[in-house]
Amino acid sequence: MRRKGSNSDKIKGSMCGQRDMEREIEIAKDERSSIEQSISSGILPSLGAHSNRRVKLRPFIVAPFDPHYRAWESFLIVLVFYTAWVSPYEFGFLQKPTRPLSYIDNIVNGFFAIDIVLTFFVAYLDRATYLLIDDHKKIALKYAKTWLVFDVISTIPSELVRRVLPYNVVSYGYFSMLRLWRLRRVSAMFQRLEKDRNYNYFVVRIAKLTCVTLFEVHLAGCFFYLLADKYKDPSRTWIALSMENFHEEPLWDRYVISIYWSIVTASTTGFGDLHPVNTGEMVFGILYILFNLGLTSYIIGNMTNLIVQATFKTRNFRETINAASSFAKRNHLPPRLQEQMIAHLSLRYRTDSEGLQQQETLDALPKAIRSSISHYLFYSLVDKVYLFNGVSNDLLFQLVSEMKAEYFPPREDIVLQNEAPTDFYILVNGAVDLISHRNGIEQVVGDLRTGDVCGEVGVLCYRPQLFTIRTKRLSQLLRLNRNSFLNILKTNVGDGTIIMNNLLQHLKEQKDPVMQSILTDTEHMLAQGRMDMPLSLCFAAARGDDLLLHHLLRRGLDPNEMNNNGRNALHIAASKGSLECVLLLLDFGADPNRKDTEGNVPLWDAILGKNESIIKVLVDNGAKLSSGDVAQFACFAVEQNNIELLKQITNFGGDVTLLNSLGTTALHTAISEENLEIVEFLVEQGADIDKSDVHGWTPRALADYQGHEEIKALFQTKQKQETPNVPNAHKNNENINSEIHVAPTYLKKYTSEPSITPMNLRDKTPSTKEGSLSNDQCLRPKASNFQNSLAGIITANRQQNEGGIAVFPSPTQYNRARVVLSCPEKGDLAGKLVLLPRSLQELLALGNQKFDYHVTKILTKDGTLIEELDVIRDGDHLILASEGGSKNSGISDMK
């Protein structure tokens with residue numbers, strides 16, 4: 001029993017194995033047929049087109065390369081051969097319709113009538129743009145201008161014509177000759193067969209010439225018999241020489257002797273026993289012989305000039321294919337590699353023979369035009385590649401100008417694992433597999449889609465290629481040479497550091513141990529300075545790599561060189577808490593009091609990070625907090641309700657009573673924050689409670705308006721200590737209160753909100769010390785909160801409108817309007833409520849911070865582009881977008 005069961009299992013296993021093998025064979029055949037179809041009958045997408053071989057047409061439109069339509073055309077070709085024989089036969093030998101030929105003729109005409117209707121629904125290929133036209137009106141117009149009239153005339157039944165026209169005007173055979181118009185389909189068929197490598201080219205050409213010769217012989221024989229049949233004296237005709245009463249002879253015998261005469265004459269062997277007798281036959285004989293001279297020249301010329309010259313590319317292609325096949329067989333190459341060779345050569349032939357010499361066309365143009373074309377086709381795609389996220393437009397333009405577009409057929413290897421890193425690729429359309437070879441086994445570890453990059457790790461990290469890159473279907477890729485890439489980066493050092501940082505961040509996000517090992521090796525190579533990538537001091541400081549920083553400083557780089565955000569390496573090292581980097585920069589002459597574009601100094605960055613050792617080093621080297629915008633620092637500390645930070649500012653010599661660049665003081669901000677402790681501290685430091693800001697508001701008036709009783713009591717105590725008798729103080733307050741009552745009563749005090757992070761402080765890496773402020777918190781202090789309050793509005797209106805009419809300012813006047821920001825590109829449709837900044841650039845920076853997205857433009861909900869901040873009002877809903885993003889992306893969903 002057990003043995004019997006094992007035998008049945010073996011039988012089942014063998015059957016399953018056989019089915020699996022058959023399934024694999026079928027899959028291989030399907031893949032091979034898809035390759036053949038994509039190479040021979042597919043339409044290549046234009047450069048930059050994000051589409052694959054499958055072209056989507058409108059409903060009820062048939063593609064000209066559809067297999068079913070091709071089968072229909074092949075069926076019509078068979079009917080054309082029938083027409084080519086029967087039309088001259090009826091013209092020469094028949095006087096009226098006879099059965100069954102008349103029935104067969106009408107059936108054939110019916111099929112061609114169906115084809116006329118079908119042609120109105122078949123897309124055609126525009127040879128100028130090489131695009132499929134699927135518009136019904138354009139298809140109908142093109143057909144009406146070309147072949148419609150001839151097709152309709154050649155399809156009308158002969159019986160109908162005989163009934164409509166008089167008998168003496170038209171004969172049965174004359175009208176049937178119009179059907180020879182269908183022979184154009186045979187010519188198109190032979191052209192397709194000549195390009196099909198599944199058929200022998202020489203045999204196809206011989207078959208074409210043979211068909212031409214047979215048709216000429218058949219047509220001439222029918223014409224020659226018609227001359228004898230219509231002649232008034234039957235005894236004085238060529239056929240009467242062998243058949244005296246030829247009308248009584250069988251029709252088949254008459255047809256054979258006519259063909260015999262035609263072949264003898266066409267072969268130039270002489271007339272022999274059959275020759276023209278009357279004048280009409282002699283004239284026809286002369287014309288026929290002259291025509292044969294032309295036909296003979298045609299045949300000889302085809303065997304020489306047409307085959308050698310006109311079909312030179314086809315012959316060269318076939319010779320190349322045969323040479324590649326012989327090479328593969330002689331060297332015993334595996335079948336997959338043979339298929340790759342054949343597919344690549346076939347694709348190259350298509351690009352050459354069909355007028356798609358795209359790269360050759362670009363190379364023939366001047367560099368300026370070539371760069372403009374590449375920019376138009378590929379810039380939006382390259383801009384979305386993660387490797388170039390955040391780089392300048394100038395660098396992208398230069399990179400796109402150096403990229404070359406290439407087509408790859410299905411299942412072709414683009415890059416081999418462990419290959420030298422000479423190029424990297426960006427996928428334009430199609431699909432690509434990442435294949436890893438381990439222990440002789442191929443394993444697909446990932447795939448790429450449109451906009452993905454491959455081979456960049458090998459190029460930038462100086463390693464052999466990690467994976468084999470193989471196409472899944474017909475694909476178009478952009479290739480960039482490594483040497484050209486590095487030469488461009490040498491003139492764009494800042495962008496080079498951004499690219500390297502993007503790569504390292506990408507490697508860090510990968511969970512693959514291989515990628516982590518590459519990340520470690522790359523960082524070690526960076527530290528040793530053994531990479532040709534142009535790197536800046538800011539890049540080394542941001543990574544805290546003192547070895548790389550030392551190497552770059554010894555090369556002679558300027559220690560005070562600033563990045564695109566206006567910060568130098570000392571700012572970044574101080575904010576990151578890298579003591580070794582700070583010491584190196586100071587040793588090489590970095591200025592400890594250099595301000596960035598926001599007025600921050602390295603000492604302030606160190607204070608925010610609570611890095612005591614760095615603070616001490618900076619102070620010992622002459623760093624002064626007063627070199628920066630101390631008033632802004634104080635306002636920031638107040639907004640954070642951090643009195644300890646405020647005390648540190650005073651300890652390092654900072655004056656917390658000054659007006660900041662926005663025209664307000666820390667005391668005004670503290671009152672709006674309702675922080676009595678900070679207000680008391682600022683008063684103790686000498687803050688003037690009667691010092692007006694840029695809008696004329698004093699801290700005393702602001703506290704009185706906002707109703708802070710404790711702060712008001714503090715101010716009154718302070719006033720009594722300094723000036724116990726001030727008779728007009730109460731009167732002034734009453735005047736202010738009387739003015740306040742002019743405004744609407746629903747406007748109350750407006751507490752502060754977090755301010756906007758400047759672009760130069762958008763570091764994502766938090767401070768290394770627990771409890772310290774991150775670099776994201778090192779913000780430019782916001783405008784004082786009371787500017788958006790009722791008192792601020794009334795003051796501004798009082799300055800602008802002496803008549804006392806309350807005219808509310810625009811949102812940009814005080815930067816306190818509240819707007820909703822949303823980013824459909826990041827999937828955020830609900831949005832976030834924020835305060836409107838002072839400029840459009842700050843609004844873009846705010847969008848970058850909130851959504852971690854490269855924002856380049858602001859749109860309304862209707863899709864209108866906003867170019868001035870003054871048009872924005874309180875409560876508006878703004879859409880963040882980039883140049884490559886769709887203008888209407890997500891807007892319709894929000895509506």
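Residues: numbered from 1 along the sequence shown.
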Cation over ring face, Lys832 and Phe851, 6.0 Å, 45°: yes
Donor-acceptor pair, side chain of Asn611 and main chain of Ser613, under 3.5 angstrom: no
Pair Asp605 + Arg567, salt bridge at N-O below 4.0 Å: yes
Atom pair OH (Tyr425) and CG (Leu448), whose distance is rounded to the nearest 0.5 Å: 13.0 Å
Validation row: Ile615, Phe652 side chains within 4.5 angstrom (heavy atoms): yes
NE2-CG distance between His375 and Asn393, expressed to the nearest 0.5 angstrom: 7.5 Å
Atom pair NZ (Lys404) and CG (Leu480), whose distance is rounded to the nearest 0.5 Å: 10.0 Å
Heavy atoms from other residues, nucleotides or ligands near CD of Glu867 exceed 12 (cutoff 6.0 Å): no
Any Leu659 side-chain heavy atom under 4.5 Å of Lys691 side chain: yes
Positive for side-chain contact (heavy atoms from CB on, under 4.5 Å) with Arg479, one of Ile426, Asp423, Thr422: Asp423
Modelled atom types, side-chain donor and acceptor of Asp394 and Ser392, under 3.5 Å: no
Glu509 vs Tyr386, side-chain hydrogen bond (donor to acceptor under 3.5 Å, both in side chains): CA-CA, chis, key distance, verdict: CA-CA 13 Å; Glu509 294 173 355; Tyr386 85 91; over 6 Å; no
Residue among Ile649, Thr657, Val601 satisfying side-chain contact (heavy atoms from CB on, under 4.5 Å) with Val630: Ile649
Check: Leu843 and Leu878 side chains under 4.5 Å, non-hydrogen atoms: yes
Leu682 and Leu646, any side-chain heavy atoms less than 4.5 Å apart: yes
Donor-acceptor contact present, side-chain Asn660 to main-chain Cys635, <3.5 Å: no
Phe424 and Phe388 aromatic ring geometry - parallel, tilted or perpendicular at 30°/60° bounds: tilted
Side chain to side chain, Arg594 and Met562, heavy atoms closer than 4.5 Å: yes
Heavy-atom side-chain contact between Gln685 and Phe681 under 4.5 Å: yes
Check: Ser672 and Leu702 side chains under 4.5 Å, non-hydrogen atoms: yes
Side-chain heavy atoms of Leu579 within contact of Leu583, under 4.5 Å: yes
Check: Asn641/Asn675 side-chain N/O donor and acceptor closer than 3.5 Å: yes
Nearest-0.5 Å distance, CG of residue Leu625 to CG of residue Asn593: 9.5 Å
Point-to-point distance, once rounded to the nearest 0.5 Å, from CG of Asn848 to CG of Leu880: 8.5 Å
Separation between CG of Leu570 and CG of Leu584, rounded to the nearest 0.5 Å: 11.0 Å
